[in-house]
J.: 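Below is the structure I would like to discuss, written out as structure tokens.
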Amino acid sequence: MKAVAILSHVMSQEGILGEETVSRVDKSLEVFYEFKCNFLITSGWDYRNDTDLKIGSVVREYIVNKININPSCVLEDTSSRDTVGDAFFIRKKIRDLSVKRLFVITSDYHVDRARLIFESFFDAIADIKVLGVETRVSNTAAVKNHEECSVQAFRKTFEGVDFSSDHEVTNAMSTKHPFYNGVIYRKLEIADVN
């Protein structure tokens, strides 16, 4: 089995997807058909304070309405709050579906960090291929700095963690990751998420 995971970017209050998100979706559809994949997986939570819309659901709806595809082939995760969460929550879906090859679609500036994260989470579970759509911001100093700081934070959060152990990974997410442990956003009860 093969799947394509689309890492969402932004949307408006009304659920209109931003240019980068649409580019990522378009690329994911190319990959889905070119490699004869079985599933598309959308990801993302209700990150905006001015709407209850979850970007993973909005992207799924966009895909189902855009192309003639069996809706059961387009899965969504609405628990993820960042790239680490994308990998964490998609991992269970991939195992349940026996997916052995996963294409991850993001933006060009985010490819290296996404590859590090997904290869860490999916080692021995699935072959990972990360692809990035071209953007206008890939070479800015601010973006490069943000990516490097995020890589350092990832390494610190998961230092010494055995990624083959669900217990160790879940413990690190729920106690050390500020997007899930209650430091920045409300605490997410990771053990209860399916």
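All values reported here derive from a predicted model rather than from experimental measurement.
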J.: Under 3.5 Å, which donor-acceptor pairs link side chains of residues 117-128 to any protein atom two or more places apart or in another chain?
T.:
residue, atom, partner, partner atom, Å
Ser120, OG, Leu116, O, 2.7
Asp127, OD2, Arg101, NE, 3.2

J.: Using side-chain heavy atoms (C-beta onward) and a distance below 4.5 Å, is Leu40 in contact with Ile6?
T.: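 Answer yes - side chains close enough.
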J.: Is it true that a side-chain atom of Asn65 and a backbone atom of Glu61 form a donor plus acceptor pair closer than 3.5 Å?
T.: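 Answer holds: yes.
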J.: Please examine the side chains of Ile63 and Val25, heavy atoms only from C-beta on, and report whether any two atoms are closer than 4.5 Å.
T.: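 Heavy-atom side-chain distance check passes, below 4.5 Å.
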J.: Thr106 side chain to Val111 main-chain N or O, any donor-acceptor pair under 3.5 Å?
T.: no
J.: Under 4.5 Å between any side-chain heavy atoms of Val59 and Ile55, yes or no?
T.: yes
J.: Under a 4.0 Å N-O cut-off, is there an ion pair linking Arg136 with Glu19?
T.: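 A salt bridge is present here (some side-chain N lies under 4.0 Å from a carboxylate O).
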J.: Counting distance only, does the side-chain N/O of Arg60 pair as donor-acceptor with the main-chain N or O of Pro71 below 3.5 Å?
T.: yes
J.: Side chains of Leu29 and Ile67: does their closest heavy-atom pair fall under 4.5 Å?
T.: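 Yes - at least one pair of side-chain heavy atoms lies under 4.5 Å apart.
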J.: When you compare the side chain of His177 with that of Asp82, does any pair of heavy atoms fall below 4.5 Å?
T.: yes
J.: Listing request: all ring-ring contact (aromatic ring centres under 6.0 Å, His included) pairs with a residue in residues 36-84, at least two apart in sequence or in separate chains.
T.: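 Counting only pairs at least two positions apart or across chains, the ring-ring contact (aromatic ring centres under 6.0 Å, His included) contacts touching residues 36-84 are Trp45-Tyr185.
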J.: So for atom CD, which belongs to Glu159, do other residues, nucleotides or ligands contribute more than 12 heavy atoms lying within a distance under 6.0 Å?
T.: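 No, because the 6.0 Å sphere around CD of Glu159 holds 12 heavy atoms or fewer from other groups.
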J.: Taking the side chain as every heavy atom from C-beta outward, state whether Val58 and Leu17 have any pair of such atoms under 4.5 Å apart.
T.: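 Yes, their side chains come closer than 4.5 Å.
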J.: Would you mind reporting whether Asp77 and Thr42 have side-chain heavy atoms less than 4.5 Å apart?
T.: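 Result no, sub-4.5 Å side-chain heavy-atom pair not found.
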J.: What are the two closest non-hydrogen atoms of His146 and Arg113, and how far apart are they?
T.: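 His146 and Arg113 have their closest heavy atoms at NE2-NH2, 3.8 Å.
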J.: Can you list everything that forms a side-chain hydrogen bond (donor to acceptor under 3.5 Å, both in side chains) with Asn181? Sequence neighbours excluded, please.
T.: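 If we apply the side-chain hydrogen bond (donor to acceptor under 3.5 Å, both in side chains) test to Asn181, skipping adjacent residues, there are no hits.
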J.: If you look only at pairs with a residue in residues 92-112, which of them pass as a ring-ring contact (aromatic ring centres under 6.0 Å, His included), with sequence neighbours excluded?
T.: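 Every pair satisfying ring-ring contact (aromatic ring centres under 6.0 Å, His included) with a residue in residues 92-112: Phe35-Phe103.
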J.: How close do Phe163 and Arg91 get, heavy atom to heavy atom, and via which atoms?
T.: O-NH1, 2.8 Å
J.: Where is the tightest heavy-atom contact between Ala114 and Thr83, given as atom of each residue plus distance?
T.: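 Taking every non-hydrogen atom into account, CA-CG2, 4.2 Å.
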J.: Holding to salt bridge (Lys or Arg N to Asp or Glu O under 4.0 Å), I want the full list of residues that pass it with Asp52, two or more places apart in sequence or in another chain.
T.: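 Testing Asp52 for salt bridge (Lys or Arg N to Asp or Glu O under 4.0 Å), a comparison that skips the adjacent residues, returns none.
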J.: Would you please name every residue forming a salt bridge (Lys or Arg N to Asp or Glu O under 4.0 Å) with Asp96, sequence neighbours left out?
T.: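 Checked Asp96 against salt bridge (Lys or Arg N to Asp or Glu O under 4.0 Å); matches are Lys92.
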J.: Side chains of Phe88 and Thr170: closer than 4.5 Å at any heavy-atom pair?
T.: yes
J.: Report the C-alpha distance between Ser57 and Glu76 in whole Å, list the side-chain angles of each, state the deciding distance to 0.1 Å, and finish with yes or no for side chain to side chain donor-acceptor pair (under 3.5 Å).
T.: CA-CA 6 Å; Ser57 298; Glu76 69 182 54; 2.8 Å; yes
J.: Could you tell me whether Arg95 and Asp166 make a salt bridge, using a distance below 4.0 angstrom between a side-chain N and a carboxylate O?
T.: yes
J.: Walk me through whether Asp46 and Thr51 qualify under side-chain contact (heavy atoms from CB on, under 4.5 Å).
T.: CA-CA 7 Å; Asp46 55 344; Thr51 182; over 6 Å; no
J.: For Cys37 versus Val4, what's the shortest heavy-atom pair and its separation?
T.: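 Distance-wise, the nearest heavy atoms are SG-CG2, 3.7 Å.
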J.: Does a salt bridge link Asp26 with Lys66, judged by any charged N lying under 4.0 Å from a carboxylate O?
T.: yes
J.: Quick one: do Glu20 and Arg24 make a salt bridge, cutoff under 4.0 Å?
T.: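 Yes, charged N to carboxylate O under 4.0 Å.
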J.: Give the minimum heavy-atom separation between Ser43 and Ser80, together with the two atoms involved.
T.: OG-CB, 3.4 Å
J.: Would you say Asn38's side chain and Lys2's backbone share a donor-acceptor pair under 3.5 angstrom?
T.: yes
J.: Okay, side chain of Thr140, backbone of Val137: is any donor-acceptor separation there less than 3.5 Å?
T.: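 It does hold such a pair.
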J.: For Asn68 and Tyr33, which heavy atoms make the closest approach, and how far apart are they?
T.: O-OH, 4.2 Å
J.: Would Asn171 and Glu168 satisfy side-chain contact (heavy atoms from CB on, under 4.5 Å), going step by step from the backbone distance to the final call?
T.: CA-CA 5 Å; Asn171 185 55; Glu168 286 190 35; 5.7 Å; no
